[in-house]
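Data first, discussion second: the structure below is written as structure tokens.
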2 protein chains.
Amino acid sequence: MLKTLDLQTIQKLIDRYIAVSFSVNKKGESMLKEQIGSDLTNDQHYMLRYIRQSGECTSTELAEVFEVNKSAITAIITRLSDKGLVKRKRDEADRRVVYLTLTEEGMDLFEKTEQRIHALVESIITKFELDEITSFIDTYEKLSGILTDLAHNQLGE
Amino acid sequence: MLKTLDLQTIQKLIDRYIAVSFSVNKKGESMLKEQIGSDLTNDQHYMLRYIRQSGECTSTELAEVFEVNKSAITAIITRLSDKGLVKRKRDEADRRVVYLTLTEEGMDLFEKTEQRIHALVESIITKFELDEITSFIDTYEKLSGILTDLAHNQLGE
DNA sequence: GTGAATAGTTAAACTGTTTAACTACCTTCG
DNA sequence: CGAAGGTAGTTAAACAGTTTAACTATTCAC
């Protein structure tokens, strides 16, 4: 049953799955490591995803997207670069700027990992009805959207 | 409207609020600090809550409850103890055991913080209908319960 | 061309976490 | 009794992710 799940819904579920199933900072003992067999933290996986998606991006952009300090990004990228997954490339037109791209290994690892997550999530999905899942996702998004808003906009004003 | 919210529902909302609104490890820049004005991390607040609730508990108990290593607890408790919020007391009957209790300051800080969270959450609550909220909570719990199960029980077996 | 803005890095400090080794203290059983 | 093994908790080293503050390059604007 339930073969009609569209990719978008699956992708959302994947995100929720990664986000909810384990908190971030457990020295790599994240869901990715435990169940997917990847050596990446959830955060690192997200980074790789964003960099791949954008093709080429800057630290500042990442800092804005992930709502985090630039130094935090520097640290993460350095670790990723030490693992040979991300490459830094100076912009010769504006030499302040550094572009980040995935190396081939980075690309490979990301895609392999993503596929495994995909398979895992699909195997989960078959246990539920489609509208059950979409209702989960909707509610979850509504809820966390509200709470995030509140967290950002200093409620009570 | 919506004055009929029972305490239990509010408490649940508080937990969700703390859990969802900010991820844990931002050097204290958690929701508690930003909005409540407390100097505690979310994790630290949870610790205080558990210790207060149990009156007196051990590291091992905390480690089990929070599903974390005993050394992690040692570290957290040490920091809390350095702040003067938690006290260690050796069990004279079984001298291996160390009981943890809140100091008066710990108690005060916890209660003040909890009250502020309470007030904040209540001010949020009035913006929604009761059944909207309970449906949020139910769904959220169902969803994260499922995902946590999956995360623990190595799905696909 | 000097002074201000921008991109990114580095350093120090902190929280939370793990693994491995260690101390101190029971318990058990020959 | 006393050695062997288990239990409670700590310590040390390592790591990920953060922040703030200071710094280096580089570009821009007037």
Side-chain angles (χ1 to χ4, degrees), chain A residues 18-19 22-34 38-48 56-83 85-100, chain B residues 19 22-34 38-48 51 56-83 85-100:
Chain A
I18 297 181
F22 261 103
S23 61
V24 169
N25 190 27
K26 285 198 173 189
K27 201 192 165 186
E29 294 304 320
S30 61
M31 155 252 140
L32 279 176
K33 186 162 188 184
E34 296 200 344
S38 157
D39 249 349
L40 300 175
T41 2
N42 295 350
D43 280 0
Q44 290 172 347
H45 184 71
Y46 283 138
M47 285 290 155
L48 293 191
E56 196 175 68
C57 70
T58 65
S59 286
T60 305
E61 188 181 341
L62 286 173
E64 279 161 11
V65 170
F66 290 94
E67 296 182 68
V68 120
N69 249 313
K70 280 193 294 181
S71 355
I73 300 293
T74 298
I76 292 177
I77 294 301
T78 299
R79 282 188 289 268
L80 247 24
S81 160
D82 287 348
K83 293 189 181 184
L85 303 174
V86 167
K87 217 170 26 195
R88 288 178 162 108
K89 199 183 70 193
R90 189 131 245 145
D91 179 357
E92 289 305 329
D94 181 346
R95 290 186 47 73
R96 289 168 305 179
V97 177
V98 173
Y99 291 119
L100 305 170
Chain B
F22 263 104
S23 61
V24 170
N25 188 27
K26 286 196 173 190
K27 200 190 165 187
E29 294 304 320
S30 61
M31 155 252 141
L32 278 176
K33 186 160 186 184
E34 297 200 343
S38 159
D39 248 349
L40 299 176
T41 4
N42 295 350
D43 280 359
Q44 291 172 346
H45 184 71
Y46 283 139
M47 285 290 155
L48 294 191
I51 296 172
E56 194 175 69
C57 70
T58 65
S59 286
T60 305
E61 188 180 341
L62 286 173
E64 280 160 11
V65 170
F66 289 94
E67 296 182 68
V68 121
N69 250 312
K70 280 193 294 181
S71 354
I73 300 293
T74 298
I76 292 177
I77 295 300
T78 299
R79 283 188 289 267
L80 246 26
S81 160
D82 287 349
K83 292 188 180 183
L85 304 174
V86 167
K87 216 169 27 193
R88 290 178 161 107
K89 199 183 69 193
R90 189 131 245 147
D91 179 356
E92 290 304 329
D94 181 347
R95 290 186 47 73
R96 288 168 305 180
V97 177
V98 173
Y99 292 118
L100 305 169

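By convention in this document, chain letters (A, B, ...) are assigned in the order of the sequence lines, proteins followed by strands, and residues within each chain are numbered from 1. Quantities reported herein were computed from a predicted structural model and do not represent experimental measurements.
Applying the 4.0 Å criterion to OP1 and OP2 of C:dT9, one finds that A:T78 has every side-chain N and O outside that range. In this structure, B:R95 does not reach the D:dA8 phosphate: none of its side-chain N or O atoms is under 4.0 Å from OP1 or OP2.
Rounded to an integer number of Å, the gap from B:L100 CG to D:dG9 P is 8 Å. Taking atom CD of A:E56 as the reference point, atom P of C:dA7 lies 16 Å away to the nearest angstrom. Protein atom CG of B:N69 is 14 Å distant from nucleotide atom C1' of D:dA12, rounded to whole Å. Here the P atom of nucleotide D:dG9 and the CG atom of B:L80 are 16 Å apart, to the nearest Å. Distance CG (A:D91) to P (C:dG8): 10 Å, rounded to an integer number of Å. The nearest whole Å value for the distance from the CD atom in B:E64 to the P atom in D:dT7 is 12 Å. If you measure from atom CG of A:N42 to atom C1' of D:dT18, you get 17 Å, rounded to the nearest angstrom. When the P atom of D:dA16 is taken as reference, atom CD1 of A:I77 falls 13 Å away, rounded to whole Å.
Residue-level contact check: B:S71 touches the bases, meaning some heavy atom is under 4.0 Å from a base atom. B:S59 comes within 4.0 angstrom of the backbone, heavy atoms only, and of no base. Residue A:I76 is in sugar-phosphate contact alone, with no base atom involved, counting any heavy-atom pair closer than 4.0 Å across all strands shown. Nucleic acid contact for A:R88: sugar-phosphate only, since backbone atoms but no base atoms lie under 4.0 Å from a heavy atom of the residue. Counting any heavy atom pair closer than 4.0 Å across all strands shown, A:A93 reaches sugar-phosphate atoms only and no base atom.
Around atom NZ of A:K87, no more than 12 heavy atoms belonging to other residues, nucleotides or ligands sit under 6.0 Å away.
Between B:R79 and B:L85 there is no side-chain heavy-atom pair separated by less than 4.5 Å. For the pair B:V68/B:I76, no side-chain contact is recorded, criterion being any heavy-atom separation below 4.5 Å from C-beta on.
Evaluation of atom-type donor-acceptor distances gives a pair under 3.5 Å for the side chain of A:R96 against the base of C:dT6.
Here the nucleotide nearest the side chain of A:T60, chosen from D:dA16, C:dA7, D:dG9, is C:dA7. Taking the side chain of A:V68 as heavy atoms from C-beta on, and the options D:dT18, C:dG16, C:dC25, the nearest nucleotide is D:dT18. You'll find that the side chain of B:K70 is closest to D:dA8, out of D:dA8, C:dG8, D:dT19. In this structure, of D:dT19, C:dA7, C:dT17, it is C:dT17 that holds the atom nearest to the side chain of B:D43.
In terms of position along DNA chain D, the nucleotide closest to A:A75 lies nearer the 5' end than the nucleotide closest to the other residue of the pair A:E92 and A:A75. Place A:M47 and A:D94 on DNA chain D by their nearest nucleotides, and A:M47 ends up nearer the 5' end.
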**Report entry** side-chain contact (heavy atoms from CB on, under 4.5 Å) between A:R90 and A:V97, worked out
**Finding:** CA-CA 6 Å; A:R90 189 131 245 145; A:V97 177; over 6 Å; no
Query raised in the report: What do the steps show when you test B:L62 against B:C57 for side-chain contact (heavy atoms from CB on, under 4.5 Å), and what is the final call?
Result: CA-CA 7 Å; B:L62 286 173; B:C57 70; 4.0 Å; yes
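Side-chain atoms of A:N69 do not come within 3.5 Å of backbone N or O of A:S71 as any donor-acceptor pair.
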